[in-house]
Amino acid sequence: AVGLCPCRLLLLRRDGALRALRGCVRGLAAGPETHFGFQTVTEAERREKIYQVFESVAKKYDVMNDSMTLGIHRVWKDIFMHKMNPSPGTLLLDVAGGTGDIAFRFINYVRAVRERQLQQKLKRQQNLSWQEISESYREDKSKSLEDSQVVVCDINKEMLKVGKQKAQNLGYSEGLSWVLGNAEELPFDDDKFDVYTIAFGIRNVTRIDLALQEAYRVLKPGGRFLCLEFSHVSNPLLSRLYDLYSFQVIPVLGEVIAGDWKSYQYLVESIRRFPPQEELKAMIEDAGFFKVDYQNLNGGIVAIHSGFKL
Amino acid sequence: AAAGGLWRAGWRLWRGRAVVRWQLYPPQRVLQASATLRRASDEHRKEPFAATSQQQFDSHPADPQLEQEPQHSRPSYTGQGGQESEDYESEEQLQHRILTAALEFVPEHGWTAEAIAEGAKTLGLSVAAAGMFHSDGSDLILHFVSQCNTKLSELLEQEQKRVQLGETEKKPTDQFLRDAVEARLRMVIPYIEKWPQALSILLLPRNIPSSLSLLTSMIDDIWHYAGDQSTDFNWYTRRAVLTGIYNTTELVMMQDSSPDFEDTWRFLENRVADAMNMSDTANQVQSTGEAVVQGLMGAAVTIRNLTGLNQRR
């Protein structure tokens with residue numbers, strides 16, 4: 001539990017814990033029917049179940065991610081970051097970002113861009129004295145991450161705890177903040193963020209439309225919404241292999257590595273229940289985003305949706 | 001005298017070859033663009049070009065500007081149902097505004113997504129709006145090029161109006177071409193430090209279709225206003241020649257350090273003069289070729305006669 005390597009569990013993100021607890025108190029008469037994997041439950045039940053799922057897998061989240069996807073999730077997240085292509089000075093909100101994968105990648109990317117900019121600036125100034133050169137290095141070190149910030153928001157305390165621990169171990173300290181919050185009801189003001197990301201989290205949101213509306217609200221004009229999520233595979237051969245792998249291998253891995261068959265059964269079932277690419281694109285457009293587009297990775301196993309608040 | 005004539009013809013032939021070779025094999029950097037243009041013009045059997053030339057002549061009275069814009073950005077000025085953005089402008093219009101605003105940051109940041117991000121910031125948008133465009137900066141360059149082309153056609157049209165109204169004299173073709181190419185190249189001068197970067201980005205395979213179509217439409221425009229009404233193969237030769245002149249002059253401008261680019265304009269003058277002489281040279285080459293062929297035929301007949309093969313037995 002202590003040695004948390006920077007691996008990722010692309011497992012479930014859960015949102016709506018507060019509502020779930022409230023739902024419990026109120027009793028069983030809680031909300032319309034929805035799905036939890038292949039079961040049918042009420043909304044309140046779903047939120048509670050998802051909270052419990054993540055509470056139990058939080059510590060093994062990263063390890064399971066690596067073993068289930070054979071490490072490919074790192075490539076997906078790298079591609080995701082390249083697509084975002086953040087410039088220094090960007091304010092990022094990473095929702096359902098529990099263990100901090102996207103946040104750490106963002107910090108690395110922005111630092112690299114800053115360094116490149118600095119190098120180009122120095123190249124242009126060929127005739128500096130040693131004094132000036134040392135000064136420029138000094139001032140830029142302090143500015144290395146000054147204006148870029150990332151806020152990691154998650155509904156699950158356990159996931160946030162794991163994330164904070166990882167940040168400490170890896171040495172990320174500045175430009176990073178951790179907030180407990182529900183994607184359907186974000187604790188932020190309007191028009192605050194440049195980029196809103198939700199990686200492998202929107203599947204676990206009970207009311208996706210509310211989450212999208214919140215995303216629209218907290219983004220600045222011109223801001224970008226990015227969503228990385230498992231999606232629909234159209235190729236029939238690939239689809240069969242993928243189904244085989246999902247239903248036969250993943251729950252077994254879950255039992256062996258994390259001691260939790262049910263959570264991983266939920267995982268693969270929830271992927272099947274999630275809307276396909278075009279449907280999600282339509283939902284994002286309904287929330288008010290423009291230039292909505294998606295990019296399939298690995299034939300549709302994972303898709304990146306992108307939209308702009310214009 | 002005959003020998004002198006033959007020698008002179010041979011000299012012209014050699015010089016003609018040199019000129020033609022120079023025209024056909026411009027320096028390495030633009031080889032791709034002009035070569036693809038030539039291949040395109042040869043292979044496509046005149047079909048699409050005939051269509052374009054028809055469009056040119058038909059739409060000229062209407063609005064040559066419409067030719068330029070749709071090449072790259074296809075702005076849609078009609079509101080589309082369910083697509084209101086701020087102030088009822090369409091996405092394309094907003095993208096235009098962002099790119100136009102980004103141009104002033106190009107001298108500092110180059111033709112990159114960073115310049116676009118700075119441009120978006122000046123409009124009050126988030127820097128993430130630069131994600132709407134491709135990350136290599138090609139959208140910015142294509143936008144700039146199409147803007148320049150539009151400005152050029154406006155200039156040419158105004159001049160044509162002035163000629164029609166009798167305010168100015170009609171220029172001879174070589175002067176007209178020189179002025180048009182010079183005016184177009186001068187638009188690049190504010191960005192000349194970063195222009196080589198732009199040229200290299202335009203030559204990436206992904207961008208070649210769009211940059212090529214912008215280039216060909218501009219050359220078309222210039223010839224149209226120069227009064228070209230040819231309907232035979234000359235149409236292609238003229239455009240190919242002018243494309244070669246334009247590309248090479250642009251390259252010369254990149255490494256020209258003379259005051260106000262005098263060397264470049266002198267280079268341009270020489271190339272246009274060469275092009276004007278080229279048609280004469282081509283005719284001379286052809287007639288010399290014919291003469292040579294006839295001479296060979298005559299020699300063959302003579303030899304046959306001498307060896308008695310022509311005798312009918």
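Each chain gets a letter, A, B and so on, in the order its sequence line appears, and its residues count up from 1.
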Please state whether the rings of A:Y109 and A:H82 are parallel, tilted or perpendicular, taking 30° and 60° as the class boundaries.
->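 A:Y109 vs A:H82 ring planes: perpendicular.
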
No-hydrogen, no-angle side-chain donor-acceptor test under 3.5 Å, A:Y294 and A:E278 |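 There is such a pair (donor and acceptor under 3.5 Å, judged by atom type) between the side chains of A:Y294 and A:E278.
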
Go through the side-chain N and O atoms of B:T264 and B:D256 and say whether any donor and acceptor fall under 3.5 Å apart.
->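 There is such a pair between these side chains.
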
How long is the span from the CG atom in B:D221 to the CD atom in B:E157, to the nearest 0.5 Å?
->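 The CG atom of B:D221 sits 9.5 Å away from the CD atom of B:E157.
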
At what distance, to the nearest 0.5 angstrom, does OH of A:Y172 lie from CZ of A:F106?
-> 12.5 Å

Heavy-atom proximity to chain B below 4.5 Å, by part of A:Q117 |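 Only the side chain of A:Q117 comes within 4.5 Å of chain B.
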
More than 12 heavy atoms of other residues, nucleotides or ligands under 6.0 Å from NZ of A:K281: is that the case?
->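 More than 12 heavy atoms, drawn from other residues, nucleotides or ligands, come within 6.0 Å of this atom.
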
Would you say the side-chain atoms of A:D194 pair up with the backbone N or O of A:L91, donor to acceptor, closer than 3.5 Å?
-> yes

From the list A:K291, A:K309, A:K220, A:R224, the residue making the most non-hydrogen contacts under 4.5 Å with chain B is A:K291

Could you name the residues of residues 109-118 of chain B that have a heavy atom within less than 4.5 Å of a heavy atom in chain A?
->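 The residues closer than 4.5 Å to chain A, in numerical order, are B:A113, B:E114, B:A117.
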
